[in-house]
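As the structure is a computational prediction, the values presented were derived from the model and not from experiment. Counting convention: from 1, in listed order, for ligands and their atoms alike.
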Amino acid sequence: MPDRVALVTGGGGGIGAAIARALAADGCSVAVADLRIEAAEEVANELERAFAVELDVTDGASVKRVTSELGEVDVLVNAAGWDELRPFVETDEDFWDKVIAINFKGALHTTRATLPGMLERRRGRIVNVASDAGRVGSSMESVYSGAKGGLIAFTKTIAREAARAGVTANVVCPGPTRTPLLEGMAEEGGEKMIDALTRAIPMRRLAEPEDIAAAVTFFASEPAAFITGQTLSVSGGLTMA
Ligand SMILES: NC(=O)c1ccc[n+]([C@@H]2O[C@H](COP(=O)([O-])OP(=O)(O)OC[C@H]3O[C@@H](n4cnc5c(N)ncnc54)[C@H](O)[C@@H]3O)[C@@H](O)[C@H]2O)c1
C-alpha cells in the first residue's frame, strides 16, 4: 500500500506534535498544520516524511487551500484547540465565538474539505481530539466543554454517515496532559488545580502527549477498520465509563 497522507491540525502543539511523530513512525506522510508555522516547521524538520503547513482551522478558505494542495488525505486528525480558564459568568460572546470556532467549527471545516475524497476512495480515518471536559464537564471550562461535547456528537454522526464507505471517525479524550496549553493555564493561577487533578488521577500523574498519540494512531491504523463512532478517554483512570 502506498504511504498514507495524514493531516494533523495543531501539529505544532504539545499533543499534535506527538501525534505527528507517531503517525510518521507508522509510515504516514504527515502534514503538520498549525497557525504557528514556526512550531509546525520545528516538528516537521525532525521527521523524515513530514512537512509543515500554515493553517487556520477557523478560516474555511485557509482549510480549502491547504487540503486542495495536499490532494488525497487518508488520515485527518483534528488536534488544534484552545481555552482559557474562566467562570462562565465572566465570559462574553467574543470569547464564546473564539472557543467554538477553534474547538468545534475547526473540525467542521477540515472534515467538510476532506471527507468527500475519503468517501469517493472508500477509505479514510478521522480522529478528533476532544477532551474529558466534553464528556463530564470541567469547572471554568464551560464553553470549551460544550464545544468538545459538540465535537463528540458530531464525530458519532460522521461515523454513521461514512460507515458504508469504510471510513471511520472516532474521538480521543485526553485527560489533563502536560503541554503548553495546560502550563499556560497553570501560570494563570491554576497550579493548585493541577496538583488537585494529579491527586485525583488514579495513576497519580498527568498524561504525556505520547499517551494521547498512542490512542490516536490506534484509531488511525488499518486494523482498527471495524471501530467507529467511539470515544476513548486517555486519562490514567480519571474518568471511567
Ligand atoms: N493539554 C491538556 O490537558 C488537554 C486536555 C484535554 C484536551 N486537550 C486537547 O488536546 C488538543 C491539543 O492541545 P495541547 O494541550 O497540545 O495544546 P497546545 O496549545 O500545546 O497545542 C494546540 C495547538 O493548536 C494550535 N492552534 C490553535 N488555534 C489554531 C487554529 N485556529 N488553527 C490551527 N492551529 C491552531 C496552536 O498553535 C497549538 O500549536 C486540543 O484540542 C486540546 O483542546 C488538551
Side-chain angles (χ1 to χ4, degrees), residues 7-22 31-44 52-63 65-67 76-85 97-110 113 127-138 140-141 143-152 154-155 171-188 190 193-194 197-198 200-201 205-213 215-216 231-236 238-239:
L7 168 60
V8 181
T9 75
I15 290 172
I19 293 168
R21 289 185 195 107
V32 183
D34 206 289
L35 199 55
R36 298 177 304 121
I37 183 66
E38 300 81 13
E41 277 166 353
E42 214 171 290
V43 175
V53 279
E54 188 166 4
L55 174 75
D56 179 354
V57 296
T58 69
D59 174 358
S62 158
V63 172
R65 195 174 50 249
V66 164
T67 52
L76 168 65
V77 180
N78 287 299
W82 179 82
D83 195 23
E84 257 174 31
L85 297 176
D97 287 346
K98 180 173 178 181
V99 171
I100 292 166
I102 299 173
N103 296 285
F104 180 60
K105 267 186 83 181
L108 307 193
H109 284 306
T110 56
V127 187
N128 290 327
V129 180
S131 169
D132 269 348
R135 296 183 53 233
V136 299
S138 176
M140 316 272 278
E141 295 192 290
V143 184
Y144 174 84
S145 301
K148 294 296 196 182
L151 182 60
I152 293 169
F154 170 70
T155 310
V171 184
V172 172
C173 287
T177 307
R178 197 180 299 283
T179 70
L181 183 69
L182 196 78
E183 278 154 14
M185 288 176 177
E187 271 168 28
E188 291 159 27
M193 178 198 77
I194 289 176
L197 278 170
T198 305
I201 294 169
R205 69 166 175 87
L206 298 180
E208 296 297 333
E210 292 70 24
D211 294 316
I212 314 305
V216 172
T231 304
L232 179 62
S233 286
V234 181
S235 59
L238 180 62
T239 52

Review point. Are there more than 12 heavy atoms of other residues, nucleotides or ligands under 6.0 Å from atom CD of Glu42?
Key: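 Not buried by this count: 12 neighbours or fewer within 6.0 Å.
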Note the single closest protein heavy atom to [atom], along with its residue, its atom name and the distance in Å.
atom	answer
atom 8 (N) of ligand 1	Tyr144 OH, 3.5 Å
atom 32 (N) of ligand 1	Val57 N, 3.0 Å
atom 19 (O) of ligand 1	Leu181 CB, 3.5 Å
atom 21 (O) of ligand 1	Gly13 CA, 3.3 Å
atom 3 (O) of ligand 1	Thr177 N, 2.8 Å

Give the single entry among [options] that approaches [atom] most closely by any heavy atom.
atom	options	value
atom 37 (O) of ligand 1	Asp34, Ile19, Thr179, Asn128	Asp34
atom 4 (C) of ligand 1	Gly10, Gly175, Cys173	Gly175
atom 9 (C) of ligand 1	Ala79, Pro209, Ala130, Ser131	Ala130
atom 29 (C) of ligand 1	Val32, Asn78, Leu35	Leu35
atom 22 (C) of ligand 1	Gly81, Ala39, Ala17, Ala18	Gly81

What pair of heavy atoms forms the shortest contact from [X] to [Y], and how long is it?
X	Y	answer
Lys148	Gly134	CB-CA, 3.9 Å
Pro174	Ile212	CB-CD1, 3.6 Å
Val43	Gly12	CG2-CA, 4.2 Å
Asp132	Ser233	OD1-OG, 2.5 Å
Cys173	Ala130	SG-CB, 4.0 Å

Report yes if [X] has an N/O atom closer than 3.5 Å to an N/O atom of ligand 1; otherwise report no.
X	answer
Ile15	yes
Asp56	yes
Gly14	yes
Ile102	no

Under 3.5 Å, side chain of [X] to main-chain N/O of [Y], donor-acceptor pair present?
X	Y	value
Thr9	Ala80	yes
Thr177	Gly175	yes
Asp34	Arg36	yes
Ser62	Asp56	yes

Heavy-atom pairs closer than 4.0 Å: do any link ligand 1 to the side chain of [X], the backbone, both, or neither?
X	value
Pro174	both
Lys148	side chain
Leu55	backbone

Could you list which atoms of ligand 1 come closer than 4.0 Å to a heavy atom of [X]?
X	result
Pro176	3 (O)
Leu182	3 (O)
Thr58	31 (N)

Point to revise | Value rounded to 0.5 Å, distance of CD1 in Ile194 from CG in Leu182 | key: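 These two atoms lie 4.0 Å from each other.
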Exercise for review: Verify the distance criterion only: is there a donor paired with an acceptor across the side chains of Arg135 and Thr231 at less than 3.5 Å?
Suggested key: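 The criterion, which ignores hydrogens and geometry beyond distance, is not satisfied for Thr231 and Arg135.
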Review point. Does the side chain of Asn103 come within less than 4.5 Å of Leu151's, by heavy atoms?
Key: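 No. Closest side-chain heavy atoms not under 4.5 Å.
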Review point. Can you find a non-hydrogen atom of Thr9 under 4.0 Å from ligand 1?
Key: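 Judged by the 4.0 Å heavy-atom criterion, Thr9 does not count as contacting ligand 1.
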